[in-house]
Structures are given as C-alpha cells and as structure tokens.
There are 2 protein chains.
Amino acid sequence: MTTTTRDKMIAGAADLMSRRGVNATSMRDVVRHTATPRGSISHHFPDGKRQLIAEAVTFAGKQVSIPLEKAMNDRGVIGGLKAFIASWRRQLEATGFEAGCPVLAVAVDRYVGEASDRDDEAAQQHLLDLADGVFADWRQIMRAALLREGLTAERSERLATLVVASIEGTVAMCRASRSADPLDHVQQELEMVLTAALSQATR
Amino acid sequence: MTTTTRDKMIAGAADLMSRRGVNATSMRDVVRHTATPRGSISHHFPDGKRQLIAEAVTFAGKQVSIPLEKAMNDRGVIGGLKAFIASWRRQLEATGFEAGCPVLAVAVDRYVGEASDRDDEAAQQHLLDLADGVFADWRQIMRAALLREGLTAERSERLATLVVASIEGTVAMCRASRSADPLDHVQQELEMVLTAALSQATR
DNA sequence: CAATGACTATGACGATTGTCATATTTCAGC
DNA sequence: GCTGAAATATGACAATCGTCATAGTCATTG
C-alpha cells in the first residue's frame, strides 16, 4: 500500500495528540513514534503541521462515528450509548489513562504555528471548525437515533448534546484521575436519563 | 500590595491557558499580556513554568468553587447549577468564545518542560493531580448539596460527576462552535435530571 | 535500458522556547 | 541617609520547533 506511510503519520499524530495535546506533539515526535521517514512529511502534507492536525481530527472523528452509527442501528439507542462509552473506556484503560480524545485536544488547545501564522485567525478557526464538525457529527448520530425512537426534534437535539458533551468531559476527567470511575457514574446516569426519555416518548 | 505582580501573572497565565492551552502559553506571552516584568518571573516562581501553571490551576479552581459553594448554600441545588452555568456562559460570551476552562486545558494538554523534564513522569503527574483535585473539589460541592436534599451518597456522587463533566465538555464544545447553544441544551437537560432526582428523593 | 515521477534521507535556517546570570532599581527598617 | 533584601531589567544560553532545499533511492513505465 502506497499510502501506508501517510496513514501511519495521521494515526500517529492523532494518538500523540490524544496523549499530549496539539502543541506538545511535534512533527519530529510523530515520525519517531510511527517510525516513518521525516523527509516524507512535507511531501505528504505540503501545508505542514496544520494539515496533519486537520487530517488527524477527521480521521479520529470517523474512527468513532462509523462504529457508533453501526451500534446505534444494530442495538438501539441504549446499546449504542453503551458501545460509545465502552470504546472510550477501552482506550483509556489500554493506554493506562494516557490517551484521551484528540478532537477535544484541538477544541481546547490552540495551535501556534510558524511566525507568519501567529496572528492568522482564519487558519486557526479552520481547526476549530473541524473539531466542531466532528462533535456535530457524533451528535447527529445520537440525535437521529433518538428521533427514530419517537422523541421530539428539540429533545433529541438536547439529549444528544448532553451525551456527547458529558462523555467528552468525563474522558478528560478520567485522564486526570487515572481512573474509570467517572465514566461508570456518567454511564449509569445517562442510561437512566435516556431510558426515562424513551419510555416517556412511547407512552 | 506587594503580591500584585505575582497575582497578575497567575491570573494572566490562567486566562491565556484557557484561551490557548498550556503549551501555547509561553512565559513571554504571560508577561506581555499582563504588563509585568519578565525578570520577576524566576523570582516569584523559582520552579519555573510548571509552578506558574500549578498556581494558575488552583487559582482558577478557587475562582469557580468559592462562588459556586455560596450559590449552592444560598439558592439550593438548582439555583447553584444555574449560577454555575451562568458563570461559564458569561466567560464564553465576554471573550467571544475564546476562553474555555484552564483546568480542562491542563487535563488535556501535557506540559512539555525543559529537556531535563522531558521524561520526568512524576512532575507531569503533579499537574494532572492538581487538575483532578480541582474537578474533585467542584464535584464535592455539588455532591454535598445533593446530599443535603436527601439523595443517597451514591446517587449524589454520580449526579455531581455528570454535572461537572458535562459542563466541562459543553464549554469546550461551545468554544469550538463559537456558540452558546450547547450550553443552553445541556442546562435544560441537567435541570430536568436534577429536579426529577430531587422530587424522587423527598417523595 | 533509460527516464520519469513519487518517495525518502539529511542537514540547515530562523524563530521561539524556558532558564539563568548579572546588573539595576526600589524601598522598608534602623 | 544608609543598608540590605526584595523586586525588576536585560541579555545570553542551549535546546527545540516547523519548514525548506538539496540530494539520494526506488519502482513503474516507455
């Protein structure tokens, strides 16, 4: 596969970003971590680090949204929620609570590029828009599943926002406390909220 | 006041961290932003940037927890929640959705210090512990208020975790989307969850 | 075989970083 | 007013950053 090097760089960047944040992940770290050639970075990503970050964000977004959508279709809203949370728990525990969410990292961390881009607000907003798009994507999957179960559009939107936001926050809290306890607590409460909303809708 | 310079540096660091993240905030930025003398930084913070970050985290933690605890005591759980969310909304809108939560920034962003500390895991954990302590502090205030209203210890702990985690995640999402809509949605749902839990407890 | 293109290797560049050493200033307390 | 400590100013240091230029390798074509 000719795109192996490029893909490894993107996946490695997403992984490092989820562990350290955007600015703490240097391109030299990426090539070290993925055992890829350093000279290829400007070849595969002519727009530099900003492009690599952007591709890492959309990559991480799809990596979550694709199985999430499948789980929602196969197992319903509650099953999809369980699968969503389980995947985050797996990532946290597999990395010793080192890796969080790379999309959240972009949403929190402001990328400080080369001197010419220091005040380039447009380029900055582009990364934020990408992160926002990923969140909106996840939210939309949740929202559609809730709609299918008979909830109103407004309620579905609100609950989807609550689910995505609370899980993102919880993952960060788990990383800080090196414990999955917050995830357990949030999972229980979210399941109660959704089951209550669903039973209320079909009543 | 002799501590004015020091305090301005801490507050400025917290502000910049909430806007850009930890690593995108340089000490030169802090002194530029706060109009404080650069030479004083090693005087007031002999342990360097790591100490400044640590003090900024605990400062930001108290800045939230003190009014939060007061609101919880004065206006009850729901009123306290409203005040909690309102303060975040104020900060987001006052800065044009630039400033998020500096504590979350520390929880997501890994500080990359000088070469001698690159592999110093202990010093790294210290900052994470501090962020975790702030989250635990906020959670504890919420938890105590719920306990006072008659909820069980387990339920109070779970709901407190949900509230803090979801709001942290929501603030980051608002920053990404440059909109307070997620905060509106989460606020409505959290209020419904808490009122339902309270009425269930006193029944 | 030649050659054309994609890909890799390596070193250098200016800029910025955190830190430190060394003045210089400020200002209580005597 | 003098003195000594606290605070501030300034410049330099090594290290690292993202980027780029140049040269080398390699495979797939004609």
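In what follows, chains are A, B, ... by sequence order, proteins preceding strands, each numbered from 1.
For the pair B:Lys49 NZ and C:dT19 P, the interatomic distance rounds to 8 Å; values are reported in whole Å. Look at CZ on A:Arg32: it is 11 Å from C1' on D:dC17, rounded to the nearest Å. Rounded to whole Å, atom C1' of C:dG18 lies 16 Å from atom CG of B:Leu16. Distance, B:Arg50 CZ to C:dC20 P: 13 Å, rounded to whole Å. Regarding A:Leu52, its CG atom lies at a distance of 15 Å from the C1' atom of D:dC17, rounded to whole Å. A straight line from CZ of B:Phe45 to C1' of C:dC20 spans 17 Å, rounded to a whole angstrom. Separating the CE atom of A:Met27 from the C1' atom of C:dT16 is a distance of 17 Å, rounded to the nearest angstrom. We find that CD of A:Gln51 is positioned 15 Å from P of D:dG18, with the value rounded to whole Å.
Between B:Arg19 and B:Asp15, at least one side-chain nitrogen of the basic residue sits less than 4.0 Å from a carboxylate oxygen of the acidic one, meeting the salt-bridge criterion. A salt bridge links B:Arg6 and B:Glu55; the closest N-O separation between the charged side-chain nitrogens and carboxylate oxygens is under 4.0 Å. Ion pairing between a basic and an acidic side chain is recognised when a charged N comes within 4.0 Å of a carboxylate O; A:Asp137 and A:Lys62 show no such pairing. We find that A:Glu191 and A:Lys82 are joined by a salt bridge, their nearest charged nitrogen and carboxylate oxygen being less than 4.0 Å apart.
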Could you list the protein-to-nucleotides 8-11 of chain D atom pairs, N/O on both sides, closer than 3.5 Å?
from	atom 1	to	atom 2	distance (Å)
D:dT8	OP1	B:Thr5	OG1	2.9
D:dT8	OP2	B:Ser40	OG	2.7
D:dT8	OP2	B:His44	NE2	3.0
D:dT8	O5'	B:Ser40	OG	3.1
D:dG11	N7	B:Arg38	NH2	3.3
D:dG11	O6	B:Arg38	NH2	2.2

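Taking both residues in full, the closest heavy atoms of B:Pro102 and B:Met17 are given as O-CE, 4.1 Å, listed atom of the first, atom of the second, then distance. B:Val103 and B:Ala60 make their closest contact through CG2-CB, 4.3 Å (heavy atoms, listed as atom of the first residue, atom of the second, distance).
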